[in-house]
Protein chains: 2
Amino acid sequence: MTRPPRTLNISDVAERAGVSPATVSRVMNGNPTVDPELARRVRETAAELGYSANPLARSLVLGRTQTIAVVVPNLANPTFQEILRGISRSASRDGFHVLVADTNETVAEERSLATEARRRTDGLVLCAPRMGEAELTALLPTLTPVVVVNRDAGHDVPVIAADYRSALHDVAQHLYDLGHRRIVYLAGVRASATNTQRAEALDELRRRHNDVSVIEIDCGVSFQDGAGAVDTVIATRATAAIGFNDLVALGLVNGLRSRSVRVPDDISVAGLDDIPFAQFASPPLTSATVPTSEMGEHAWAALHRLIEGREAAPAMFFRPRLQVRESTARAPR
Amino acid sequence: MTRPPRTLNISDVAERAGVSPATVSRVMNGNPTVDPELARRVRETAAELGYSANPLARSLVLGRTQTIAVVVPNLANPTFQEILRGISRSASRDGFHVLVADTNETVAEERSLATEARRRTDGLVLCAPRMGEAELTALLPTLTPVVVVNRDAGHDVPVIAADYRSALHDVAQHLYDLGHRRIVYLAGVRASATNTQRAEALDELRRRHNDVSVIEIDCGVSFQDGAGAVDTVIATRATAAIGFNDLVALGLVNGLRSRSVRVPDDISVAGLDDIPFAQFASPPLTSATVPTSEMGEHAWAALHRLIEGREAAPAMFFRPRLQVRESTARAPR
DNA sequence: TTGAAAGCGCTAACAG
DNA sequence: CTGTTAGCGCTTTCAA
């Protein structure tokens with residue numbers, strides 16, 4: 001293991017300016033107890049040499065890295081991309097860097113990835129963790145400061161989440177109002193907590209309307225998953241389908257097209273999330289708008305408070321807004 | 001500035017195991033020169049205490065962080081999202097973490113963001129930098145090890161790029177073959193190097209076919225930019241339009257729809273990149289497929305080589321593949 | 001107001 | 001094979 005050649009350090013500057021390293025440190029940190037004239041000279045020397053303090057060394061001694069970590073289940077999912085973007089923009093505005101970790105839907109690695117990422121940073125945003133309730137409850141305290149996105153997480157941890165129960169309720173009710181009585185729901189990963197919320201909304205629909213039949217199909221979270229479910233969906237003879245998210249819904253639409261099933265004439269399809277491209281799909285997809293990048297910003301704000309030792313932010317739930325587009329229509333009679 | 005409470009460190013483990021810190025260090029690093037029995041005991045103690053070495057301290061002494069930085073112009077752009085994902089996946093496979101920095105198309109901050117990010121990491125992937133040639137040439141040597149994506153960068157720096165010249169050539173030729181003789185091109189940011197490549201391809205088209213007229217319009221890189229250009233495009237009376245990228249093209253399509261101009265009946269529209277959603281657009285968008293996530297993987301591979309002190313990888317150019325879909329058709333007569 | 005010295009947590013050269 | 005020691009680059013008491 002060859003050690004890299006050493007670089008310009010604080011002593012070099014100190015020596016050149018004829019002062020002690022301590023003084024250079026004070027100047028670089030804007031400590032006002034330094035003689036103005038001396039400070040000027042040091043600053044000049046530093047500029048001349050192109051010196052700036054090694055962030056690693058500072059991190060070690062100060063115990064803070066000015067960096068946070070964001071753990072997402074899948075970087076290919078537009079929802080998490082948006083959340084990441086929201087976090088990244090606002091964190092960088094506050095002078096923080098962002099480390100990103102993609103678990104790739106591998107539940108088994110969530111824990112270690114989060115732990116590892118957390119150790120190199122000052123705090124963590126855990127997005128939609130897929131692990132079991134017990135594991136999460138045990139893990140979170142070891143991760144503080146941490147905030148959780150799109151999953152509920154007890155009372156000690158700030159939560160920023162979309163209310164998927166309400167979202168699915170609105171979408172399902174919209175379909176019911178259009179006359180659909182046989183509705184299929186393409187469920188996401190069982191492990192996903194938001195999937196449970198969605199299921200609850202379906203239960204409620206069943207309770208409220210005894211003339212409706214809701215069929216749940218195990219599917220997945222990706223475009224491919226949605227496309228792959230097409231035959232099962234057709235077999236149910238449902239007149240409407242709701243995707244776990246827009247990706248699944250869009251995949252299904254594509255699959256239906258390949259089977260020459262028309263959307264929305266033969267079957268209505270709706271998604272959840274309202275990803276940026278839902279509106280440009282063919283046909284434009286009915287969905288429920290989740291304010292993802294704002295949620296990212298709030299996640300950062302909550303984490304920032306924690307990092308600064310301020311009181312934890314309360315859990316925040318965002319109610320998605322139903323966005324009716326052309327992929328849903330009256331049920332065929 | 002309150003110093004955080006100190007945590008479990010190597011001396012705690014050493015003390016508990018009745019050995020020196022050096023021995024613990026050796027054990028933790030798998031150094032084989034330790035008595036197996038002793039090693040076992042140390043490992044046991046470490047596990048018992050839940051100890052693992054502080055990465056910050058290791059980074060400082062070893063001079064490597066096991067982290068790389070990725071700088072992108074815009075995290076909202078699917079192309080950069082995919083590149084980031086490709087890098088992230090492959091880097092993490094090799095035990096590296098990824099710091100992400102979004103410049104938000106702010107040319108003035110590219111330099112400082114890249115420099116800052118580089119200082120906390122072992123290497124940098126600079127994606128499609130927008131800064132001027134001279135500035136880039138001056139900056140790159142201060143960033144090594146660094147690899148550049150989607151922009152040419154002299155001979156000392158590995159480059160991973162899509163051949164946009166070829167891509168635009170194929171798209172333009174495709175339109176020409178469909179009978180289009182009046183084609184409008186929605187240019188991206190002037191600063192973008194790949195924009196220049198695209199312009200070259202248009203020049204070539206003009207040279208080869210003196211019956212074709214190619215109009216260039218300053219536009220931008222986003223969906224909104226494309227939508228905003230709609231009236232200008234209509235005013236040109238062109239029968240076909242090529243977007244700087246798929247986002248612009250999709251924006252234009254949407255704008256045209258709002259003006260009741262039919263695609264492709266009245267005007268053909270094509271994009272560049274073939275982002276994941278190009279195929280689900282309405283109508284599905286003709287584009288040129290850029291293998292973004294593979295490019296990300298190659299970018300990591302090239303950077304990894306550099307970090308390990310191996311010889312620099314040669315510049316790699318990927319030729320995009322024309323993907324004809326329903327947004328382009330024969331020119332109206 | 002400034003400098004000397006200790007120490008953040010770790011690794012590696014050097015003795016033994 | 002193991003411990004002692006020095007030092008990565010910085011900040012921060014403590015004394016002067």
Side-chain angles (χ1 to χ4, degrees), chain A residues 1-43 45-46 49-67 116 118-122, chain B residues 1-43 45-46 49-67 116 118-122:
Chain A
M1 201 55 59
T2 75
R3 228 175 246 256
R6 57 167 294 263
T7 60
L8 189 68
N9 67 23
I10 199 169
S11 303
D12 298 331
V13 180
E15 203 168 307
R16 183 79 117 76
V19 298
S20 75
T23 298
V24 177
S25 172
R26 292 190 186 100
V27 172
M28 299 303 287
N29 290 298
N31 185 324
T33 73
V34 181
D35 180 274
E37 168 55 22
L38 227 196
R40 202 195 46 71
R41 205 171 79 221
V42 169
R43 249 190 304 272
T45 313
L49 264 37
Y51 170 80
S52 72
N54 180 326
L56 242 48
R58 298 198 75 215
S59 295
L60 182 60
V61 62
L62 294 176
R64 52 186 165 74
T65 60
Q66 294 292 108
T67 304
E116 265 245 26
R118 173 61 184 86
R119 289 215 67 192
R120 346 192 130 239
T121 56
D122 299 340
Chain B
M1 202 55 60
T2 75
R3 229 173 246 256
R6 58 167 295 262
T7 61
L8 190 68
N9 68 23
I10 199 169
S11 303
D12 298 331
V13 180
E15 204 168 308
R16 184 77 118 74
V19 299
S20 76
T23 297
V24 177
S25 172
R26 287 193 269 258
V27 172
M28 297 305 284
N29 291 298
N31 186 324
T33 74
V34 181
D35 179 273
E37 169 54 22
L38 227 197
R40 201 194 48 70
R41 203 171 79 220
V42 169
R43 248 189 305 274
T45 314
L49 264 37
Y51 170 81
S52 74
N54 179 328
L56 242 49
R58 298 199 74 216
S59 294
L60 181 60
V61 63
L62 293 176
R64 52 186 166 73
T65 60
Q66 295 292 106
T67 304
E116 265 246 26
R118 173 62 184 85
R119 288 214 68 193
R120 347 192 128 238
T121 57
D122 298 340

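Below, each value reflects all heavy atoms present in this structure, side chains not excepted, and no hydrogens, waters or symmetry copies. Chain naming here is simple, since letters A, B, ... match the order of the sequence lines and numbering starts at 1 in each.
- Residue A:V34 has its side chain nearest to C:dT2 when only C:dC10, C:dT2, D:dG9 are considered.
- Here the shortest heavy-atom pairing between A:S11 and A:P21 reads OG-CG, 4.2 Å.
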Between protein and nucleotides 13-16 of chain D, what N or O pairs are separated by less than 3.5 Å?
{"residue": "D:dT13", "atom": "O4", "partner": "A:R26", "partner atom": "NH2", "Å": "3.4"}

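- Atom CG of A:N9 and atom P of D:dG7 are 13 Å apart (whole Å).
- Candidate nucleotides C:dA4, D:dT11, C:dG9 were compared by shortest atom distance to the side chain of A:S20, and C:dA4 ranks first.
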Test log, rule side chain to side chain contact (heavy atoms under 4.5 Å, CB included), inputs B:N9 and B:N54: CA-CA 8 Å; B:N9 68 23; B:N54 179 328; over 6 Å; no
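- Which of D:dC10, C:dG9, C:dT1 sits closest to the side chain of A:D35 comes down to C:dT1.
- Side chains of B:S52 and A:R119: a donor on one and an acceptor on the other come within 3.5 Å.
- Nearest nucleotide to the side chain of B:L60, out of D:dC10, D:dC8, C:dC10: D:dC8.
- Heavy-atom distances to DNA chain D give each of A:T23 and B:T33 a nearest nucleotide, and the one nearer the 5′ end belongs to B:T33.
- Residue B:E37 contributes atom CD, which lies 14 Å from atom P of D:dC1 at whole-angstrom precision.
- In this structure, the nucleotide among D:dC10, C:dT11, D:dG3 sitting nearest to the side chain of B:V19 is D:dG3.
- One finds no side-chain N or O of A:Y51 lying less than 4.0 angstrom from the OP1 or OP2 phosphate oxygen of D:dG9.
- Partner of A:T45 under the side-chain contact (heavy atoms from CB on, under 4.5 Å) criterion, chosen from A:R40, A:R16, A:E15: A:R16.
- Note that the two end axes of the helix from C:dT1-D:dA16 to C:dG16-D:dC1 enclose an angle of 50°, each drawn from 5 base pairs, rounded to 10 degrees.
- The interatomic distance linking A:R64 (CZ) with C:dC8 (C1') rounds to 13 Å, in whole Å.
- Residues A:A46 and A:M28 share a closest heavy-atom pair of CB-SD, 4.2 Å.
- Between the CD atom of A:Q66 and the P atom of D:dC10 there is a distance of 16 Å, rounded to whole Å.
- For A:R58, taking side-chain heavy atoms from C-beta onward, the closest of the listed nucleotides C:dA12, D:dT2, D:dT11 is D:dT11.
- As a whole-Å value, the separation of B:N31 CG from D:dG3 P is 13 Å.
- Protein atom CD1 of A:I10 is 14 Å distant from nucleotide atom P of C:dA4, rounded to whole Å.
- Look at A:E116 and A:R120 and you find a salt bridge, because one of the NZ, NE, NH1 or NH2 atoms lies within 4.0 Å of a carboxylate O, short of that distance.
- When the P atom of D:dT2 is taken as reference, atom CG of B:N29 falls 15 Å away, rounded to whole Å.
- For B:N29 (side chain) and B:N31 (main-chain N/O), no donor-acceptor pair under 3.5 Å exists by modelled atom type.
- Inter-residue side-chain proximity for B:V19 and B:R26 is flagged as unmet; no heavy-atom pair is nearer than 4.5 Å.
- Ranking C:dT11, D:dT11, D:dG9 by closeness to the A:N54 side chain, first place goes to D:dG9.
- Nearest heavy atoms, A:T65 versus B:L56: CG2-CD2, 3.8 Å.
- Look at CG on A:L56: it is 15 Å from C1' on D:dG7, rounded to the nearest Å.
- Here the closest non-hydrogen pair linking A:T121 and A:T67 is CB-O, 3.2 Å.
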